[in-house]
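Reminder, nothing fancy here: chain letters follow the sequence lines and each chain counts from 1. On a predicted model such as this, the values are computed, not experimentally measured, just so you know.
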Amino acid sequence: MPPSPRPPAHLAGLNPEQLAAVRHRGGPLLVEAGPGTGKTRVLAARAADLLSDGTARAGGMLAVTFTNQAAAEIRGRIAAWTGGTEVRVATFHGWALAFLNEALGAAAPAPVDEADARELCAEAAAEIGLSPAEGRRRWPEVSTGRQHHPPRLPDETLARLAAAYEARLGRDGLTDFDGLILHALRLLGDPGRRAALRRALPILLVDEFQDVSPAQYELVRAMAAPGGEVTVIGDPDQAIYGFRGASPAFMARFRRDFPGTTVVRLRQAYRCPQTFLDAAGAVLGAEAGRLRADRPERPRLEVRAFADPGAEARWIARAVEGAVGGLSHDALDAGTAGGDRLRSLSDVAILYRVNALADPVAAALAASGIPFQRADARSPLDHPSVRAVRRLWEAACGRRVAFHLDRLPGGRAAWEARLPGLRVELHGRSLGGALPRLLEALDLDPRDPALEALARVAARIPPGADPAPALGHPADLVAPDLEAVRLLSLHAAKGLEFPVVFVAGCEAEVLPWPGADPEEEARLFYVGLTRASERLVLCHAGRRRLHGRRLPGRPSPFLDRIPPALREARGPAAPAGRRRPRQRTLF
DNA sequence: GTGGAGAAGATTTTT
DNA sequence: TCTTCTCCAC
């Protein structure tokens, strides 16, 4: 047999479905990619492939993701496959901001963060005779309305507030995150501009397409010609952001709006065992075997009942200890240590529907001396002292000067005279380099933990770079190699994968959440079940109280949808033994 | 600007 | 039930 030529690195190891998605040419492509089917791999490989045969120029292609982290990952993969080619990979918001800057230059609106946006909404409320408190309280509704294009503002007061808010932003040349998308759409309403953009960026790839908001969907439509080279990848079964306007229906609508769309479905799943896939599918009412597991093991899901949330939390803590090879008698009692291979703490995730459910779990982990990291921990970057430093820094860089001056401690009067001197002094410095001087000017104590966190983040930002994106990442505040169990909401777990997953609080009136769309709740549970690659434990407890209200304490109706053959119901866990608190502090 | 009393509001979240 | 916000007196 003649030696077959080795495939290029970006094609190596792809299955036929993945290969079809990567190699497709000519017209719109929709890739339906279930959990663990190699979605990110395919997106990056397709970008590399389009470059490798000259279909795309690096500058004529854009890949859009939802988070900066995902963008960085995809950028890195493409660069690795293409000998360092720099491809534009951006979030919708990041791209929109760059587009506005390019199109409007100095007239482009400057983005403010959520806290400032809320304050401006309070000011806008006051201008139309509402209380500032009402403006602040209703800002989330305004923001939700602005996920639509044109904004959808169901009541008259809200419409007035939104109009005043937009005017307030516009007066200072500002915009909020939602406004970035809306401004870009407004510009692209001009046919000449739209055509020019389509010429400049003939190739568009969109990740996590099931999560696009209505306005973002319109943006995709404006950016891509109907028969153009547009690729969207997503999983309608994992659409869990309905509360901000996303809907699995956009995947179906894409096929109508982009006639001639080729559809590729990735069915080979590399993360989960077949049992987990089938159980998760059953929750959605899908037939078994819809996704094919690559791995041979067929572990059953464990379903465990507890008397109360405290017992649930303590058992989880001991089970975690067991999974990572804790040798306490209690861990052995819980029947979790034997036979399991030892794992690292970061292989374990504990998931739940609402953050409040994490409290007993966090307490139990702390009592056992098990390090953990909570995704909902408040970012130190929201601290008033950090905000003041960032304001002064922005003003010293000449960004949004008037806006920040009014909001610095002491107000405009205290800073107007000092600012020119600071600007000269700090010119050309990075935030890290400028930090000591900023703290001095603001008379802040550098030993403040929030400011120490800022210093750590700032040290990683190169001079001249806009610090905003890096500062927005609470993940940056934690030591990256932190060896800790992850505590995550089901939403926050999307896109992640762990060998061992516990889902706490699988109970009625938690899952599904009352008043929420039950189908979306089922998809949320589906997301949770498909995070696990080796062991999956579903816990429920009686006597749960939430916001002082008693919940029924029954298991979630979703558990009934899982075929008994796939699950291993264990009654109340082994009697709680003596706990042995060890002193080992976390942060 | 601080602190205490009382009210309100308490899913999910990225940019 | 508990935390956070708001308002007003100091």
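Between A:Leu351 and A:Ala493 the shortest heavy-atom distance is CD2-CB, 3.8 Å.
C:dT3 and B:dT14 have their C1' atoms separated by 25 Å, with the value rounded to a whole Å. Only the P atoms considered, C:dT4 is 13 Å distant from B:dT11, to the nearest whole Å. Nucleotides B:dT13 and C:dC2 place their P atoms 23 Å apart, quoted to the nearest Å.
Proximity of residues 538-549 of chain A to DNA chain C (heavy atom under 4.0 angstrom from any strand atom) is restricted to A:His547, A:Gly548.
As a whole-Å value, the separation of A:Leu351 CG from B:dT11 C1' is 16 Å. As rounded to whole Å, 17 Å separates atom P of B:dT14 from atom CG of A:Asp176.
Where stacking is scored as ring centres under 5.5 Å apart with planes under 30°, A:Phe92 does not register as stacked on the base of B:dT15.
Summarising the geometry, atom CZ belonging to A:Phe92 is positioned 7.0 Å from atom CD1 belonging to A:Ile181; distances are rounded to the nearest 0.5 Å.
Residue-level contact check: A:Phe66 touches the backbone only, with heavy atoms under 4.0 Å from sugar-phosphate atoms and none from bases. Among the atoms of the strands shown, none is found under 4.0 Å from any heavy atom of A:Asp178. Using a 4.0 Å heavy-atom distance criterion, A:Arg244 is classed as a base contact.
A 4.5 Å side-chain heavy-atom check between A:His183 and A:Pro109 finds at least one atom pair inside the cut-off. By the 4.5 Å heavy-atom criterion applied to side chains, A:Arg523 and A:Leu284 are counted as neighbours. A heavy-atom distance below 4.5 Å is not found between the side chains of A:Arg138 and A:Cys121. Inter-residue side-chain proximity for A:Leu120 and A:Leu169 is flagged as met; some heavy-atom pair is nearer than 4.5 Å.
Under the side-chain contact (heavy atoms from CB on, under 4.5 Å) test applied with A:Asp207, the options A:Val64, A:Ile74, A:Val42 reduce to a single match, A:Ile74. The ring-ring contact (aromatic ring centres under 6.0 Å, His included) test with A:Phe209 singles out one residue from A:Phe250, A:Phe254, A:Tyr241, and that residue is A:Phe254.
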Polar atom pairs (N or O), protein with nucleotides 6-9 of chain B, under 3.5 Å:
unit_1	atom_1	unit_2	atom_2	d
B:dG9	OP1	A:Arg137	NE	3.4

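Here chain A contacts DNA chain C (any atom closer than 4.0 Å to a heavy atom, that is under 4.0 Å), and the contacts span C:dT1 to C:dT6 from 5' to 3'.
If you find the closest nucleotide of DNA chain B to A:Phe177 and to A:Trp513, the one lying nearer the 5' end belongs to A:Trp513.
Judged purely by atom type and a 3.5 angstrom limit, A:Arg486 has no side-chain atom pairing as donor or acceptor with the backbone of A:Ala349.
The aromatic rings of A:Trp139 and A:Tyr165 sit perpendicular, their planes meeting at an angle over 60°, well past the 30° parallel limit.
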TODO: Go through the steps for A:Phe243 and A:His491 under the test ring pair (Phe, Tyr, Trp, His ring centres under 6.0 Å), then give the verdict.
DONE: CA-CA 12 Å; A:Phe243 63 91; A:His491 284 91; 5.7 Å; yes
